[in-house]
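Note sheet for the following structure.
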Amino acid sequence: SIENNGLACMSVENISFLCDSLGMILLFTSQEEIDQYPSICTQCDSIVGFVQIQGDDIINLDSLNSIVSIAGGLMIGGGIGNPLLTSLSGLGSLLSVEGSVYILNNSLLSDLQGIVEEEISIELSLSSLNELNGDLIIAGNEGLINLIGLEELTSIGGNLVIENNISLSSLIGLDNLDYQSIQNLYIFDNPELSTCHVQTVCSYIGDPTGFTEIYANNEDCNSADEVFTICTVGINESSSYIDVHLHPNPAKDKLFISSNRLNEINELRIYNQLGKEVFHTRILNSSIDISSLSPGLYIVHLKGKNVSFNGKLVVEE
């Protein structure tokens, strides 16, 4: 006899279901299977195995709203994806995933929150998810425009991959993710993506813990250097106003500045990869002592009354 215990230990049937899924894949392949879940697994707030949701008739995940944690990872979609799924609102109670999260080939998802219907906002889909211990891979979602719905996600503990989402234009939604929890960063083949300079990405590029690959996206998001420039000073590198040459580059202790209008420049600022100002002087000579700067990539900003210049500088050991 098993009764009157805590969640996930309420009955023989309850425990039996969890035992069966231990180390296994819990696969939902139809809307019917999702709808039946609450009656099959009563009081099941924690899933021990890996959960995959993939079916050509799955419309919503509302019957999964009791799930608070998943121990083996979560895949929404896959090879055939979920072609009719328009909302992840049923996952609004999910707090943590011990493993990777994959959101793959869900062509009708426009963001990662619930849909708005008849002026009533359905609960945010992943609004409670605050950490996972694995990769976060978002790929092949044709209708995905942004990542709104992930605002509470603060840690992942694996790779962050944003790939081949043909309508994705912004990474807004990742703003609160701790960049130090990302092992490697991959953002590529998102042809409409131009807003990559959210705080998480800016901080990671400035202080990477692994590989960074950013390419084949839209303007302003085609390389780590391009994103870095926008993160720091908000404008693209330009020497169209004046002819300036920074040398040597890479530099060590001294930076020399050559310009046809050097006498018009009255201010120099240097920013690190996190956008923080690390050097400032109004006493400008052709030679600048940069021995206080640590090795790394910087943005040099020169300014005068009618002149301006932004350029990259590499400081080496």
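Every value quoted in this text rests on a predicted model; they were computed, and no experiment measured them. Every heavy atom of this structure was used, including side-chain atoms; hydrogens, water molecules and symmetry mates were not.
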May I ask you to check whether [X] and [Y] show a side-chain donor-acceptor distance below 3.5 Å?
X: Asp225; Y: Ser223; value: no
X: Asn217; Y: Asn222; value: no
X: Ser69; Y: Ser46; value: yes

Please report the shortest heavy-atom distance between [X] and [Y], naming the atom on each side.
X: Pro83; Y: Gly55; value: CD-O, 3.8 Å
X: Pro295; Y: Glu317; value: CG-CG, 3.3 Å
X: Ile187; Y: Cys196; value: CG2-SG, 4.4 Å
X: Glu33; Y: Leu27; value: OE1-O, 3.6 Å
X: Val227; Y: Asp220; value: CG2-O, 3.7 Å

Rounded to the nearest 0.5 Å, how far does [atom2] of [Y] lie from [atom1] of [X]?
X: Ile53; Y: Asn106; atom1: CD1; atom2: CG; result: 9.5 Å
X: Asn165; Y: Asn146; atom1: CG; atom2: CG; result: 11.0 Å
X: Leu136; Y: Leu160; atom1: CG; atom2: CG; result: 5.5 Å
X: Leu84; Y: Ser107; atom1: CG; atom2: OG; result: 8.0 Å
X: His197; Y: Cys202; atom1: NE2; atom2: SG; result: 7.0 Å
X: Gln52; Y: Leu104; atom1: CD; atom2: CG; result: 8.5 Å

If Ile, Leu, Val, Met, Phe, Trp and Tyr residues are connected whenever their side-chain heavy atoms lie under 4.5 Å apart, and connections chain through other members, are [X] and [Y] in the same group?
X: Leu293; Y: Leu255; value: yes
X: Leu174; Y: Ile145; value: no
X: Leu108; Y: Ile34; value: no
X: Ile137; Y: Tyr186; value: yes
X: Ile166; Y: Leu193; value: no

On the 0 to 90° scale, with breaks at 30° and 60°, tag the His247-His245 ring pair as parallel, tilted or perpendicular.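 It falls in the parallel class, under 30°.
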I want to check something: taking the side chain as every heavy atom from C-beta on, are [X] and [Y] in contact at a cut-off of under 4.5 Å?
X: Ile59; Y: Asn82; answer: no
X: Thr86; Y: Leu109; answer: no
X: Leu185; Y: Val161; answer: no
X: Leu171; Y: Val201; answer: yes
X: Leu26; Y: Phe50; answer: no
X: Glu219; Y: Ser194; answer: no
X: Asn176; Y: Leu153; answer: no
X: Ile205; Y: Ile214; answer: yes

Quick check against the 3.5 Å criterion: does [X] have a side-chain atom that pairs as donor or acceptor with the backbone of [Y]?
X: Asp178; Y: Gln180; answer: yes
X: Gln31; Y: Asn60; answer: yes
X: Ser203; Y: Thr200; answer: no
X: Thr195; Y: Ser170; answer: no
X: Asn218; Y: Asn190; answer: no

Among all residues two or more places apart in sequence or in another chain, which pass the side chain to side chain contact (heavy atoms under 4.5 Å, CB included) test with [X]?
X: Ile80; answer: Gln54
X: Ala251; answer: Pro248, Ile290, Leu313
X: Glu267; answer: Arg269, His280, Arg282, Lys303

Can you sort out the partners of Phe279 under ring pair (Phe, Tyr, Trp, His ring centres under 6.0 Å), two or more places apart, ordered by chain and number?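 For Phe279 there are no ring pair (Phe, Tyr, Trp, His ring centres under 6.0 Å) partners, ignoring immediate neighbours.
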Could you work out, with ring pair (Phe, Tyr, Trp, His ring centres under 6.0 Å) as the rule, every residue matching Phe28, not counting sequence neighbours? Tyr37
Gln36, CD: over 12 other non-hydrogen atoms inside 6.0 angstrom: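 Correct, the count exceeds 12.
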Can you name the residues that form a side chain to side chain donor-acceptor pair (under 3.5 Å) with Asn184, not counting sequence neighbours? Asn159
Given Ile270 and Leu268, is the side chain to side chain contact (heavy atoms under 4.5 Å, CB included) satisfied, shown in steps? CA-CA 7 Å; Ile270 298 179; Leu268 179 146; 3.7 Å; yes
Take Ile76 and Leu88 through the side chain to side chain contact (heavy atoms under 4.5 Å, CB included) test and state the conclusion after the steps. CA-CA 9 Å; Ile76 303 171; Leu88 304 184; 4.1 Å; yes
Walk me through whether Leu246 and Ile257 qualify under side chain to side chain contact (heavy atoms under 4.5 Å, CB included). CA-CA 5 Å; Leu246 306 176; Ile257 301 173; 4.0 Å; yes
Could you give me the CA-CA distance, side-chain angles and deciding distance for Glu98 and Ile70, then say whether side chain to side chain contact (heavy atoms under 4.5 Å, CB included) is met? CA-CA 6 Å; Glu98 287 293 325; Ile70 298 174; over 6 Å; no
